[in-house]
Amino acid sequence: MAKRKFYAVAVGRSCGIFTDWPTAEAQVKGFAGAKYKSFESEAEATVWLGDPVYRRRETERPAGRPVQPLPRQVPGGIVVYTDGGCINNPGPGGYGVVIDHGGERQELSGGFRLTTNNRMEMMAAIAALEELQGFRKPVTLFSDSSYLVNGIEKGWVGKWRNNGWCKSDGKAAMNIDLWQRLLHLLDDLKVVFHWVKGHAGNEGNEQCDRLAVAMARQPGLPADEQYEKTAGGVTEGNID
């Protein structure tokens, strides 16, 4: 017989301790900033609810697969992991975010019924930075999307904007609406983007991936209106 578990919900539609996952899931699924955790005993769940902090742990990984070393983070800064993707490309998509602010961990997720991988990678970063508006601490954002990271750190998006949103080959840049939103958010935040290899045992990246996949599989997702209006069904080609 399966061992009984206790699900502590610190932030959700209803908070407390639940003894079955479907009931607990109903409190956190689709709830922005939900915070919850499972435990083997009710006592452990009760203790965590009194101080609902996600503790860092050693991430298990297959033998012989090293974890990619991460860049040094600014002391006292905020660490963000983002990921996004879709089922087929284009297709139903989702994004996930993990924010670590001084040991306090927050998770965000969302999705759309028809979108692209690149748009979901960008939406993950946008959702994270919207959540951090008003903060003055430096932000280190990790993403496994070269499109997103290089677009900012290598200055591609600035060149596209200065060139009337055209790429170096003269073709129109993709996802202009999201790049504009992202650039606007970066005006008020100090953010450094770093690329991290996906599916390489990094706990933050792996959790974002789980959140994104779960959202992409949800029924009744809203429309990515700008995508469906301007480029519905068009796959993304070269990006630079």
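Linking Ile, Leu, Val, Met, Phe, Trp and Tyr residues whenever their side-chain heavy atoms come within less than 4.5 Å leaves Leu108 and Val213 in two separate clusters. Leu189 and Leu183 fall within the same hydrophobic cluster, where Ile, Leu, Val, Met, Phe, Trp and Tyr residues are linked whenever their side-chain heavy atoms come under 4.5 Å apart, directly or through other members. One hydrophobic cluster holds both Met122 and Val80 under the rule that ILVMFWY side chains link at heavy-atom gaps under 4.5 Å. Under the 4.5 Å side-chain heavy-atom criterion for Ile, Leu, Val, Met, Phe, Trp and Tyr, Met123 and Leu148 are members of the same hydrophobic cluster. Linking ILVMFWY residues whenever their side-chain heavy atoms come closer than 4.5 Å, directly or via other members, leaves Leu129 and Val192 in distinct clusters.
Rounding to the nearest 0.5 angstrom, the gap separating the CD1 atom in Ile99 from the CG atom in Leu132 is 4.5 Å. In this structure, the separation between OG1 on Thr230 and CD on Glu228 is 10.0 Å, given to the nearest 0.5 Å. Going from atom CD of Glu131 over to atom CD1 of Ile78 covers 10.5 Å, rounded to the nearest 0.5 Å. Between the NZ atom of Lys229 and the CG atom of Asp177 there is a distance of 9.0 Å, given to the nearest 0.5 Å. Distance CG/Leu221 to CG/Leu114: 10.5 Å, rounded to 0.5 Å. From Cys86, atom SG reaches atom CE of Met215 across 14.0 Å, with rounding to the nearest 0.5 Å.
Ionic pairing of Glu107 and Arg210 is not present here: no N-O contact between side-chain nitrogen and carboxylate oxygen is shorter than 4.0 angstrom. Looking at Glu25 and Lys29, a side-chain N of the basic residue comes within less than 4.0 Å of a carboxylate O on the acidic one, giving a salt bridge.
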Q) Going through the distances and angles, do Tyr36 and Phe18 end up as a side-chain contact (heavy atoms from CB on, under 4.5 Å)? A) CA-CA 11 Å; Tyr36 56 96; Phe18 302 87; over 6 Å; no
(Q) Could you walk me through whether Leu141 and His194 satisfy the side-chain contact (heavy atoms from CB on, under 4.5 Å) test, starting with their C-alpha distance in whole Å, then the side-chain angles of each, then the deciding distance to 0.1 Å, before giving a yes or no? (A) CA-CA 6 Å; Leu141 189 150; His194 289 288; over 6 Å; no
Q) Could you walk me through whether Met120 and Thr115 pass the side-chain contact (heavy atoms from CB on, under 4.5 Å) check? A) CA-CA 7 Å; Met120 290 300 90; Thr115 188; 3.5 Å; yes
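No side-chain heavy atom of Val139 sits under 4.5 Å from any side-chain heavy atom of Lys190. Between Lys154 and Lys159, the closest side-chain pair of non-hydrogen atoms is not below 4.5 Å. Counting heavy atoms from C-beta outward, Glu40 and Lys5 have side chains that approach closer than 4.5 Å. Within the 4.5 Å cutoff, no side-chain heavy atoms of Ser38 are placed close to those of Phe6. Residues Trp179 and Trp165 form a side-chain contact, since some pair of their non-hydrogen atoms from C-beta on lies under 4.5 Å apart. Between Ile17 and Tyr7 the shortest side-chain heavy-atom distance does not fall below 4.5 Å. Looking at heavy atoms from C-beta onward, Trp160 lies out of side-chain contact with Cys166 at the 4.5 angstrom threshold. Looking only at side-chain heavy atoms (C-beta outward), Leu178 and Arg181 come within less than 4.5 Å of each other.
The stretch residues 136-152 participates, sequence neighbours left out, in no salt bridge (charged side-chain N to carboxylate O under 4.0 Å, His left out) pair at all.
Around atom CD of Gln133, more than 12 heavy atoms belonging to other residues, nucleotides or ligands sit under 6.0 Å away. By the neighbour-count criterion of 12 heavy atoms within 6.0 Å, atom CZ of Arg217 is sparsely surrounded, having that number or fewer from other residues, nucleotides or ligands.
Looking at Gln27, its side chain does come within 3.5 Å of a backbone N or O of Thr23 through a donor-acceptor pair. The main-chain N or O of Asn205 is never found under 3.5 Å from a side-chain atom of Asp209 such that the two would form a donor-acceptor pair. Counting only distance, with no hydrogens or angles, the side chain of Asn89 and the backbone of Thr116 share no donor-acceptor pair below 3.5 Å. Distance alone, capped at 3.5 Å, places no donor-acceptor pair between the Asn88 side chain and the Pro90 backbone. Asn117 places no side-chain N or O within donor-acceptor distance of the main-chain N or O of Gly85, the cut-off being under 3.5 Å.
Between Leu211 and Gly96 the shortest heavy-atom distance is CB-CA, 3.8 Å. A pairwise comparison of heavy atoms in Ser145 and Glu121 identifies CB-CD, 3.5 Å as the closest pair. Across all non-hydrogen atoms, the minimal contact from Ala124 to Thr82 is CB-CB, 3.6 Å. Closest of all the heavy-atom pairs between Asp83 and Ala212 is O-CB, 4.0 Å. Here the shortest heavy-atom pairing between Gly94 and Ala216 reads N-CB, 3.7 Å. Contact detail for Val98 and Gly204: the closest heavy-atom pair is CG2-O, 4.2 Å.
Residues satisfying the salt bridge (Lys or Arg N to Asp or Glu O under 4.0 Å) test with Asp224, not counting sequence neighbours, are Arg119. Take Glu153 and apply the salt bridge (Lys or Arg N to Asp or Glu O under 4.0 Å) test, not counting sequence neighbours, and it matches no residue.
Taking the six-membered ring wherever Trp is involved, the centroid distance between the rings of Phe142 and Tyr81 falls below 6.0 Å. Centroid-to-centroid, the aromatic rings of Trp156 and Phe193 stay 6.0 Å apart or farther.
Using a 3.5 Å distance cut-off with no hydrogens or angles, the side chains of Asn175 and Tyr147 do pair a donor with an acceptor.
Taking the six-membered ring where tryptophan is involved, the planes of His101 and Phe135 are perpendicular, since the angle between them exceeds 60° and thus also 30°.
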